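Note: hydrogens, waters and symmetry copies are ignored here, and every other heavy atom, side chains too, is used. Treat the numbers as computed from the prediction; the structure is a model and nothing was measured.
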Amino acid sequence: MSSDLQQIRIGLTSNHPCSYLADRMERVAVAMDPEMQSPENYELLLANGFRRSGDIIYKPHCDHCQACQALRVSVNEFTPSRSQKRLLKQVQARYQWQLKPEMDDDWFSLYSRYIEARHNSGTMYPPRRDEFAKFANSDWLDTQYLHLYLDDQLVAVAITDILPSSASAFYTFFDADSSLSLGTLAVLSQLELAKTMDKQWLYLGYQIDECPAMNYKVRFRAHQKLVKQRWQG
């Protein structure tokens with residue numbers, strides 16, 4: 001952890017079954033100091049491997065596993081891969097994104113279909129408006145909602161925290177019936193957004209190589225992973 005953070009108080013949860021790897025147990029370290037709940041301090045914590053859930057700032061602190069590695073993409077050095085270029089070309093005439101301070105009225109229908117199709121055995125099932133609001137919202141961050149449209153129809157929402165020098169991809173849901181890689185398109189849109197805002201990094205959360213749902217982030221280059229508290233390209 002950075003020397004700037006040596007004095008913050010950390011609380012540890014008890015061990016419980018891992019949400020991503022079925023044979024593992026997980027626990028997290030939680031930042032306990034209220035003064036950490038500011039855009040500037042949270043950005044510092046992001047750079048040290050933390051994330052948020054609602055207003056709670058946490059990082060994995062598992063006894064026997066280090067599978068979760070924080071990953072960030074250099075906004076100015078990002079170069080789309082061949083498959084990412086193909087995706088952008090495939091949708092270019094039909095696609096647009098808009099950043100909004102609130103979600104469109106029909107967001108919950110899209111979110112519900114996504115959870116039922118992709119996460120019907122997880123903690124977010126069944127989909128509930130109030131639970132999602134508690135999970136996504138924060139009183140001390142500038143959280144924006146990147147809406148993706150194809151043929152003027154809402155197909156994805158990428159919840160994005162806007163920080164002084166970076167952006168953080170918090171959570172994305174999309175039309176799970178689409179044949180397009182909408183999760184990838186959402187990240188590409190967030191990278192474009194971050195570039196227009198002159199941000200240095202887009203934080204993508206945790207890369208988990210062994211988890212199919214969480215191992216796509218390394219496809220965005222140039223990226224860095226936090227390994228033993230050092231960012232490595």
What pairs of residues pass the side-chain hydrogen bond (donor to acceptor under 3.5 Å, both in side chains) test when at least one of them lies in residues 23-36, not counting sequence neighbours?
-> Arg9-Asp33, Ser19-Glu26, Arg24-Glu210, Arg27-Asp63

Interatomic distance, CG@Asp55 vs CH2@Trp140, rounded to 0.5 Å, equals 6.5 Å

Roughly how far, to the nearest 0.5 Å, is the CD atom of Glu40 from the CG atom of Leu45?
-> 12.0 Å

Qualifying ring-ring contact (aromatic ring centres under 6.0 Å, His included) pairs, either residue in residues 146-165, two or more places apart = none

Sequence neighbours left out, what passes side-chain hydrogen bond (donor to acceptor under 3.5 Å, both in side chains) with Trp201? Give chain and number order.
-> none

Could you tell me which non-hydrogen atom of Pro80 sits nearest to which non-hydrogen atom of Gln84, and how far apart they are?
-> CA-OE1, 3.3 Å

According to the interplanar angle, ranging from 0 to 90°, do the rings of Tyr171 and Phe135 count as parallel (below 30°), tilted (30 to 60°) or perpendicular (above 60°)?
-> perpendicular

Distance-only polar pair, side chains of Arg51 and Ser168, donor-acceptor under 3.5 Å = yes

Cluster overlap Val30 with Ile57, hydrophobic side-chain contacts below 4.5 Å = no

Of all heavy-atom pairs linking Ser178 and Leu182, the shortest is CB-CD1, 3.6 Å

Over all atoms of both residues, closest heavy-atom pair of Gly54 and Phe170 | N-CZ, 4.4 Å

One should read off an interatomic distance between Gln207 CD and Leu71 CG, to the nearest 0.5 angstrom, of 6.0 Å

Can you name the residues that form a side-chain contact (heavy atoms from CB on, under 4.5 Å) with Asp198, not counting sequence neighbours?
-> none

side-chain hydrogen bond (donor to acceptor under 3.5 Å, both in side chains) partners of Asp105, counting only residues at least two apart = none

Atom of Tyr20, atom of Cys211 and distance for their closest heavy-atom approach | O-SG, 3.9 Å

Starting at NE2 of His119, measure out to CE of Met124 and round the result to the nearest 0.5 Å.
-> 8.0 Å

Minimal non-hydrogen separation, Ile10 against Ala29, with atom names = CG2-CB, 3.5 Å

Above 12 or not: heavy atoms from other molecules or residues under 6.0 Å from CD of Gln96?
-> yes

Could I get the full list of side-chain hydrogen bond (donor to acceptor under 3.5 Å, both in side chains) partners for Ser166, not counting sequence neighbours?
-> Glu43

ILVMFWY cluster, Leu226 and Val75 together (side-chain gap under 4.5 Å) | no

Salt bridge (Lys or Arg N to Asp or Glu O under 4.0 Å): pairs with one or both residues in residues 158-177, sequence neighbours excluded | Arg52-Asp161

Over all atoms of both residues, closest heavy-atom pair of Pro60 and Tyr206 | CD-OH, 3.2 Å

So do Val227 and Arg230 actually touch side chain to side chain, heavy atoms under 4.5 Å?
-> no

Any pair with a residue in residues 118-141 that passes salt bridge (Lys or Arg N to Asp or Glu O under 4.0 Å), sequence neighbours left out, goes on the list, sorted by first then second residue, please.
-> Glu131-Lys134

For residues 185-194, tabulate all N or O donor-acceptor pairs below 3.5 Å that involve a side-chain atom, not counting sequence neighbours.
| unit_1 | atom_1 | unit_2 | atom_2 | d |
| --- | --- | --- | --- | --- |
| Ser189 | OG | Tyr95 | OH | 2.2 |
| Ser189 | OG | Leu185 | O | 2.8 |
| Gln190 | NE2 | Thr160 | OG1 | 2.8 |
| Glu192 | OE1 | Trp97 | NE1 | 3.2 |

Shared hydrophobic cluster for Met32 and Ile8 (ILVMFWY, side-chain gaps under 4.5 Å) | no

Which residues satisfy the side-chain hydrogen bond (donor to acceptor under 3.5 Å, both in side chains) test with Arg94, sequence neighbours excluded?
-> Asp151

Pairwise salt bridge (Lys or Arg N to Asp or Glu O under 4.0 Å) hits with a residue in residues 73-90, at least two apart = none

Less than 4.5 Å apart, any side-chain heavy atom of Met197 and any of Ile162?
-> yes

Under 3.5 Å, side chain of Ser38 to main-chain N/O of Asn41, donor-acceptor pair present?
-> yes

Which residue pairs satisfy the ring-ring contact (aromatic ring centres under 6.0 Å, His included) criterion with at least one member in residues 51-91, sequence neighbours excluded?
-> none

Look only at the side chain of Lys217 and the backbone of His223, and say whether a donor-acceptor pair between them is shorter than 3.5 Å.
-> no

Looking at Tyr114, Phe132, Tyr145, which one forms a ring pair (Phe, Tyr, Trp, His ring centres under 6.0 Å) with Trp107?
-> Phe132

Roughly how far, to the nearest 0.5 Å, is the CG atom of Leu163 from the CG atom of Asp142?
-> 8.5 Å

Would Phe173 end up clustered with Phe108 when hydrophobic side chains under 4.5 Å apart are linked, directly or stepwise?
-> yes

